[in-house]
J.: 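Before anything else, here's the structure in question.
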Amino acid sequence: MQERPFARLFLFVPLIALAVFSGSFAAFSPGHQTLVLAHNAYPDAGQWTDRLDHALSAGTPLAIELDLSWVPNPKTGKSNSVVGDFPARKFKDVTGDEPTLKPYFFERVRPIVEKALAANDKKNWPTIRLYLDIKNDPPEHLEYVLGVLHEYESWLTTAVKTEDAAQQSPLDLKPLMVMLEDKDNDIKEEYFYNRLPVGGKLVAFGTAKLARPAGDALTDAQMLQARFTMKPEDLVTERASNYRRWWGNAWTAVEPGAKDAAGAWTAEKESRLNAIVKHAHEMGYLVSFWVLDGVEAETGKRQGWNPKYNFGSLQAATIRWKAALKAGADFISTDQYEDVAKVVRGRS
């Protein structure tokens, strides 16, 4: 992975503390390396069952995104957590054969994790960052996820809960690390951090609190577009905390408009990208950008990729992948796992 020289110059007290108490922390610190974030690495409607295999073939270290939905199972009549994005309006699409978190992910990566633990080579730990996008969060869903994570806790990067949430405790690095996306007004922090006693172990880490643009009753799409008009320092105003350690950005924060209308990559856009990354790192966050694809429309459709995330050509996407890499972004989210991995590793 490409090392960022400025990562060694961070003088923020929380980062120094982590570096002192955890010898492998330098490999984790903001700006040190750029990873592929394998977007939606799970089947959809019984198709594209090889996405997780493709993600792992891109090489480690890497990040993998899985969506989780709490849905009624038509075969049993009971609700359960499945891998996939099933908002309430799509519950009718649930078949009861959807994969679940333990066999689909944890048991699939068991050989990788056990090999890493046996080797005890911590310089690239966490080997895999698991990004869980929990689509709906009734308490029983969050309790289920917590139960699974505790079952595999010996594999997971953890941190001790501090009395002051603003004080980051050292990370105990392991081959896996779990990252959560905290949405506006959801209850994940309550379950994954607030209810944990001081001295207990965090098994998952959340996202930065994003400022809300001015305006009443903005839709999600309008809010994403509005954030382009905000200064980077106004997008996130609170420093990274013990629980909140990363910041997930829609690409519209850098470049507004639909992907097919994005146009040429310009010096102004690159300056905006660099400013967001710089601000994120100064605030102590890892930073990601989602989702950057570049294929012909028909190719993306055959792969089941969202056309909203498609720049329309490999050339257009590659320019942006390289810009994000140069800026020091910590994660580049994409459906083109292997292609971005080549760029990150300097082979393209």
Side-chain angles (χ1 to χ4, degrees), residues 6-7 9-19 22 25 28-32 37 63 129 131-134 137 142 157-171 177-196 198 200-215 218 220 223-254 272-290 327-331 333:
F6 62 79
L9 301 180
F10 279 166
L11 299 179
F12 298 112
V13 171
L15 297 184
I16 288 176
L18 286 166
S22 179
F25 181 75
F28 177 84
S29 59
H32 177 83
L37 200 172
R129 323 285 171 91
Y131 161 31
L132 294 178
D133 186 354
I134 302 174
D137 54 7
L142 301 185
T157 294
T158 59
V160 172
K161 182 175 178 179
T162 51
E163 191 162 354
D164 179 1
Q167 178 188 355
Q168 288 188 341
S169 61
L171 293 172
M177 181 173 186
V178 178
M179 310 187 308
L180 306 173
E181 180 181 352
D182 294 271
K183 299 177 174 64
D184 290 338
N185 302 316
D186 71 16
I187 59 173
K188 296 188 188 72
E189 186 174 14
E190 175 66 21
Y191 275 77
F192 288 91
Y193 189 76
N194 293 346
R195 294 189 179 193
L196 189 69
V198 172
K201 287 186 178 181
L202 286 77
V203 293
F205 300 88
T207 46
K209 288 185 178 179
L210 297 181
R212 295 184 64 86
L218 294 178
D220 289 345
M223 190 175 300
L224 290 174
Q225 293 295 325
R227 285 191 171 121
F228 172 74
T229 66
M230 300 173 66
K231 295 178 180 179
E233 58 267 29
D234 293 332
L235 289 169
V236 168
T237 59
E238 296 181 15
R239 287 191 53 79
S241 68
N242 204 22
Y243 169 69
R244 297 179 183 271
R245 299 191 185 226
W246 72 291
W247 174 8
N249 269 288
W251 189 253
T252 49
V254 176
R272 171 78 175 176
L273 169 64
N274 291 340
I276 292 174
V277 173
K278 181 175 182 290
H279 176 60
H281 290 166
E282 287 177 344
M283 297 294 280
Y285 293 103
L286 302 170
V287 62
S288 70
F289 293 93
W290 50 271
D330 301 281
F331 307 100
S333 173

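From a predicted model like this one, the values you see are computed outputs, not experimental measurements. Counting begins at 1 with the first residue of the sequence.
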J.: Could you tell me if Tyr191 and Asp137 have a donor-acceptor pair between their side chains, going purely by distance under 3.5 Å?
T.: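 Asp137 vs Tyr191: no donor-acceptor pair found between side chains.
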J.: Please report the shortest heavy-atom distance between Met230 and Ala211, naming the atom on each side.
T.: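 Shortest heavy-atom contact: CE-CB, 3.9 Å.
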J.: Do the side chains of Leu210 and Val236 get nearer than 4.5 Å, heavy atoms only?
T.: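 They are in side-chain contact.
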J.: Any idea which heavy atoms bring Trp246 and Gly206 closest together, and the distance?
T.: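 So the two residues come closest at CD1-O, 3.1 Å.
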J.: To the nearest 0.5 Å, what is the distance between NZ (Lys188) and CG (Asn194)?
T.: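 It is 13.5 Å, given to the nearest 0.5 Å.
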J.: Think Arg129 forms a cation-pi with Phe205, using NZ or CZ under 6.0 Å from the six-ring centre and within 45 degrees of its axis?
T.: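 Arg129 over Phe205 ring: no.
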J.: Is atom NZ of Lys278 surrounded by more than 12 heavy atoms (other residues, nucleotides or ligands) closer than 6.0 Å?
T.: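 No.
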J.: Passes side chain to side chain contact (heavy atoms under 4.5 Å, CB included), Phe331 versus Asn249? Steps please.
T.: CA-CA 10 Å; Phe331 307 100; Asn249 269 288; over 6 Å; no
J.: What is the minimum heavy-atom distance between Tyr193 and Ala165, and which atoms define it?
T.: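 Scanning both residues, the minimum pair turns out to be OH-CA, 3.6 Å.
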J.: Test Glu189 against every option in Arg195, Lys209, Arg244 by the side-chain hydrogen bond (donor to acceptor under 3.5 Å, both in side chains) rule and name the one that passes.
T.: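 Answer after filtering Arg195, Lys209, Arg244: Arg244.
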J.: With rounding to the nearest 0.5 Å, note down the distance linking OG1 in Thr158 to CE in Met177.
T.: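 It is 9.5 Å, given to the nearest 0.5 Å.
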J.: Within the structure provided, determine whether Lys161 and Leu202 are in side-chain contact (heavy-atom separation under 4.5 Å).
T.: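 Lys161 vs Leu202: side chains touch.
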J.: Taking all atoms of both residues into account, what is the closest heavy-atom pair of Thr252 and Phe228, and its distance?
T.: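 Heavy-atom minimum between the residues: O-CB, 3.4 Å.
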J.: Going from NE2 on His279 to CG on Asp234, what distance comes out if it is rounded to the nearest 0.5 angstrom?
T.: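 Going from the NE2 atom of His279 to the CG atom of Asp234 covers 8.0 Å.
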J.: Can a donor-acceptor pair be found, under 3.5 Å and without considering hydrogens, that links the side chain of Asp330 to the backbone of Val287?
T.: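 Yes, because the side chain of Asp330 sits within donor-acceptor range (under 3.5 Å) of the backbone of Val287.
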J.: Using only atom types and a distance under 3.5 Å, with no angle test, would you say the side chain of Thr162 pairs donor to acceptor with the backbone of Gln167?
T.: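 Checking the backbone N and O of Gln167 against the side chain of Thr162, a donor-acceptor pair under 3.5 Å is found.
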J.: Got a donor-acceptor contact below 3.5 angstrom from the Thr207 side chain to the Gly248 backbone?
T.: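 It does not hold such a pair.
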J.: Measure across Pro232 and Arg272 and return the closest heavy-atom pair with its distance rounded to 0.1 Å.
T.: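 Reported closest heavy-atom pair: CD-NH1, 3.6 Å.
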J.: Measure from the side-chain N and O atoms of Arg245 to the backbone N and O of Met179, and report whether any donor-acceptor pair falls under 3.5 Å.
T.: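 A pair under 3.5 Å: no.
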J.: Looking only at non-hydrogen atoms, find the nearest pair between Leu37 and Ser288 and report the distance.
T.: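 Closest approach of Leu37 to Ser288, heavy atoms only: CD1-CB, 4.3 Å.
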J.: With a 3.5 Å distance limit and no angle check, can you tell me whether Gln168 reaches the backbone of Ser241 through a side-chain donor-acceptor pair?
T.: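 Such a contact is found between Gln168 side chain and Ser241 backbone.
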J.: Hey, mind stepping through Leu180 and Tyr243 against side chain to side chain contact (heavy atoms under 4.5 Å, CB included) and telling me if it holds?
T.: CA-CA 10 Å; Leu180 306 173; Tyr243 169 69; 3.7 Å; yes
J.: Between Glu163 and Asn242, does the side chain to side chain contact (heavy atoms under 4.5 Å, CB included) criterion hold? Intermediate values first, please.
T.: CA-CA 10 Å; Glu163 191 162 354; Asn242 204 22; over 6 Å; no
